[in-house]
Each structure stands twice: as C-alpha cells, then as structure tokens.
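Here's the structure, in structure tokens; my notes come after.
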Amino acid sequence: MSENCIISTKNLNLWYHEKHALESVSMRIPKKKVTALIGPSGCGKSTLLRCFNRLNDLIDHVKITGEITLDSEDIQGPGTDVVTLRKKIGMVFQKPNPFPKSIYENVAYGPRVHGVRDKAELDKIVEQSLRHAAIWDEVKERLNDSALGLSGGQQQRLCIARTLAVEPEVILMDEPCSALDPIATAKIENLIERLKEDYTVIIVTHNMQQAARVSDYTGFMYLGKLIECGKTGQIFEHPKEELTENYITGRFG
Amino acid sequence: MAEKFHTDLKILKKDTVAMALHGRAMLRDSVDALIRQDKELAELVVARKDKIHEMEVKLEDQCYHLIALNQPMAKDMRVIACTLKVITASLRIGRYGKVIANIVKEISDKQHIANLMSIPHMADLVIDMVDDAVSAYESDNLHLIDDFSSRDDTIDALRHSIFREGITYMMEDPKNISRCTHYIMVARYLERCADHACKIAENVQYMETGERVEIH
C-alpha cells in the first residue's frame with residue numbers, strides 16, 4: 001500500500017490471559033479509504049479493530065506489545081489521552097446502540113461532552129451530522145422523539161451521525177449491517193461510499209460480498225495473523241495466499 | 001453450500017469440455033469431408049450447428065445462474081469467466097467447421113488442386129492446438145499451452161504460404177480461381193480457429209494464475 005496512511009501497526013501482539021489473539025500484525029491503513037477486515041469467527045479482526053481506539057483497555061488481563069500509530073504518533077503510550085483518541089477514532093457497533101434519549105440529544109451528546117454549549121452551533125452540528133449520515137430527511141420532523149422508536153437501520157445511521165458529530169478522522173465499524181435487512185444494509189453501504197470522501201473507514205465484516213462491494217483495501221485474518229492485505233480487487237480476483245483463496249471461495253471457515 | 005457450488009462448478013466444466021469437443025469434432029469432420037470430398041459427411045457437420053447453439057445458450061445460462069446465486073470470488077470467479085470465453089471460442093470453432101462443410105458441397109465435383117496444398121497439415125496442427133487448449137482447461141495443466149505463441153506463428157506462416165501458392169495456381173489457369181479462392185478462405189478459417197485456441201489458452205492462464213497474458 002503506497003497510499004498515504006493514517007494508522008499503522010508494527011509487530012502488534014495481543015494476549016487475552018494466555019490466549020495469543022493477535023500475532024505480529026503489521027498493517028497500514030490508507031487515509032480516506034475504506035479498509036475491510038475479513039476472516040472466520042475468532043480470527044482477531046474485531047480485536048484488531050478495538051486496538052485502534054484502545055477499547056481493549058476496558059478488558060482485564062489484556063497484554064499488548066508492538067506499535068500502533070495514528071498520524072505517526074504512538075497511541076499506546078501513557079501520554080495518550082484516550083478521550084481525545086476516541087474522538088478522533090469513532091466507532092459503530094454490530095447492534096445499533098442509541099442512547100435512550102431523543103434523536104437530537106443522541107447526536108448533540110458528543111459535542112456537548114467536548115464543550116460545545118451554544119444552541120445554534122449544536123443545531124448546526126446535529127443537522128450536518130444527520131445529513132452526512134443520510135438520515136436527516138427521515139427524522140427532521142421528529143428530532144425530539146425517542147431514538148428508540150426508529151427502525152434498526154435508522155438507529156444504525158443515527159449511531160453513525162452520533163460518531164460524525166465529534167468530527168473524527170477514522171470511523172471503525174464492527175459488523176455494522178449484520179443486524180439489518182438488505183435495504184437498510186444497502187443504505188449503510190451507500191453511506192460508507194460517501195463517508196470516505198471525508199473520513200477513513202475501517203470495517204469488520206463476515207460478509208465477504210459486502211467487503212468486496214464497499215472497500216478499497218481488504219485484509220484477511222486467520223488465527224490471529226494478518227495473512228494477506230491488499231487492494232480489494234486483487235484479494236477477491238487473485239489472492240496471493242492459498243489460505244485467502246480457500247477462505248474466500250468458501251472452502252473453509 | 002460451498003460444496004454444492006463446487007460440485008456445480010465441476011459439472012459446468014465437464015459440460016463445457018463436451019461442448020468444446022463438439023465444436024472440435026465439427027471442424028475435424030469438415031476438414032475430413034473436404035479432403036475426401038465427402039458431401040454426406042459435410043451435410044452431417046452442417047446439421048450439427050443447432051446442437052452447438054443449444055449447448056452455448058444452456059451453458060451460458062448455467063454460468064449466469066452460478067454467478068447470481070453464489071457471487072463467486074478468486075479462482076471460482078476466474079473459472080466461470082474463463083468458461084464463458086471457452087464457450088464462445090468453441091461455438092466459433094464449430095461454426096467455422098460448418099462454413100468449411102458448406103464449401104465442401106460447392107467444390108467436390110472436380111479433383112482437388114495440388115492435393116489441397118498444405119491445408120490437411122495445417123488443419124492437423126490447428127486441431128492439435130484446440131485439443132491442447134481444451135485439455136489445459138479441463139486439467140488445469142498449463143504445460144500444454146506453453147508453446148502456443150510459436151505454434152500460432154507456424155499457423156500464420158502456413159496460411160501465408162497457402163495464400164501465395166493459391167495465387168500462383170490462379171495465375172496459371174483462371175479455371176482454378178474458384179477452387180483456390182475457397183482454399184485460401186479455408187486457410188483463413190483454420191487460422192481463426194487457431195486464434196480461438198489461443199484465446200482459450202490465454203483464459204486458462206488467467207483462470208489458473210490470475211495473470212493476464214497475450215498470445216500473439
């Protein structure tokens with residue numbers, strides 16, 4: 001990957017207790033591109049994703065060695081402010097998890113935490129974020145209704161809007177469509193295509209067709225190792241590694 | 001699910017090989033009919049054109065069906081892409097057989113000029129190329145198509161030599177013009193069949209390795 005990279009890992013290892021969950025993962029995530037991580041269940045793709053915003057810090061008995069940098073700065077060191085890091089690197093989860101608050105409050109929450117108090121400014125951020133997340137037209141008349149009343153697909157796009165509201169550089173998505181129907185999935189996929197104009201997106205998915213559709217780069221992981229990483233067309237048309245070939249053609253996994 | 005798909009893919013390849021052999025047989029029989037001036041055999045070749053068209057449609061449908069239902073990737077995708085090209089090339093080879101068979105019906109009343117020049121030899125070489133290309137597709141054995149570039153050069157040279165020889169006979173006696181023109185056309189059709197064999201070989205190479213090569 002010769003592209004300008006935003007995140008890179010070098011010899012990244014991670015253990016949960018005795019379990020060696022990531023083994024010497026070295027990868028570069030290009031800026032303003034979509035990178036997909038694929039691999040069978042338990043291969044470490046979500047674990048790797050969670051390293052990028054230090055979400056693994058919340059789990060006991062996790063040991064990490066190696067290097068992870070964001071914009072060439074190490075994010076593992078004690079000097080890193082995790083709150084700022086997670087502002088720069090937002091995350092969307094498998095199951096939509098809006099706060100039990102109004103649609104407006106869900107999006108305004110982040111900017112408020114980061115110090116935005118002005119109502120007009122907040123209104124502007126909420127509208128922009130909802131527009132960016134392609135849900136504005138569906139909710140603009142009912143911003144004060146509970147977010148829990150939205151459909152699953154709408155809730156997921158609201159969660160993306162909530163992430164965008166704090167102006168991240170990178171958006172991590174962990175199986176963002178696995179709880180959604182095909183139409184809601186298509187909307188999220190279209191949204192991902194637009195998001196890469198302004199953001200770097202890293203998506204974990206077990207749906208290979210989805211990875212092929214939405215990503216520019218794909219990394220294939222197996223048993224904690226990054227087996228192969230390259231342009232999505234190359235990975236799905238003629239992968240270099242036999243393991244990748246066998247996995248994407250459904251011969252195992 | 002994947003197992004069923006891979007079984008279906010094997011069946012697709014087997015059926016495609018059967019179609020390729022049908023096209024190859026049409027070409028072989030048409031050349032035999034030409035050599036022996038056997039109009040009956042020529043008729044039989046022409047009659048086989050409907051069958052090869054049916055096979056083409058059925059196999060293409062099978063490919064589209066497998067793509068739509070399985071979204072194949074990597075080598076699976078390349079096998080189907082290659083198969084679609086093999087289907088087209090086999091149809092063309094069969095149709096050239098039909099065209100040659102039609103010529104047989106027109107020029108079998110008088111003896112051949114110069115024992116058909118190099119046409120029988122050229123036809124043997126072309127059919128060997130078709131056989132090797134189809135075997136490579138069937139068995140994934142790339143060695144069979146290693147030397148296709150030089151074999152194709154030989155075919156081009158033979159076509160050119162038949163052209164020049166034909167012109168010579170035409171100049172000798174205008175009564176030869178009709179038959180020699182047909183010979184030159186047959187040589188041209190055989191050369192095109194060799195090109196289709198090369199096309200199959202290029203696609204087998206892609207199917208196996210993912211690399212695009214061009215055989216001149």
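What's counted below: heavy atoms across the whole structure, side chains too, no hydrogens, waters or symmetry copies.
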Practice problem: State whether the number of non-hydrogen atoms from other residues, nucleotides or ligands found under 6.0 Å of B:His143 atom NE2 is greater than 12. | Solution: no
Exercise. Return yes when atom NE2 of B:His53 has more than 12 non-hydrogen atoms of other residues, nucleotides or ligands closer than 6.0 Å, and no otherwise.
Key: yes
Exercise. With a 4.5 Å cut-off on heavy-atom pairs, point out which of B:Gly210, B:Pro72, B:Ala74 contacts chain A the most.
Key: B:Ala74
Quiz prompt | Heavy-atom side-chain proximity of A:Thr244 to B:Met73 below 4.5 angstrom | solution = no
Quiz item: Should we say atom NZ of A:Lys10 is surrounded by more than 12 heavy atoms from elsewhere, each under 6.0 Å from it?
Solution: no
Self-check item: Neighbour count above 12 (heavy atom, 6.0 Å) for B:Arg78 CZ
Solution: yes
Quiz item: Heavy atoms, side chains only, cut-off 4.5 Å: are A:Thr249 and B:His6 in contact?
Solution: yes
Quiz item: Where the side chain of A:Glu245 meets the backbone of B:Lys75, is there a donor-acceptor pair that is under 3.5 Å apart?
Solution: yes
Quiz item: Can you tell me how far the CD1 atom of A:Ile248 sits from the CD atom of B:Gln71, to the nearest 0.5 Å?
Solution: 13.0 Å
Quiz item: Counting heavy atoms not belonging to A:Ile183, are there more than 12 under 6.0 Å from its CD1?
Solution: no
Quiz item: What's the spacing between B:Tyr206 OH and A:Glu237 CD if we round to 0.5 Å?
Solution: 5.0 Å
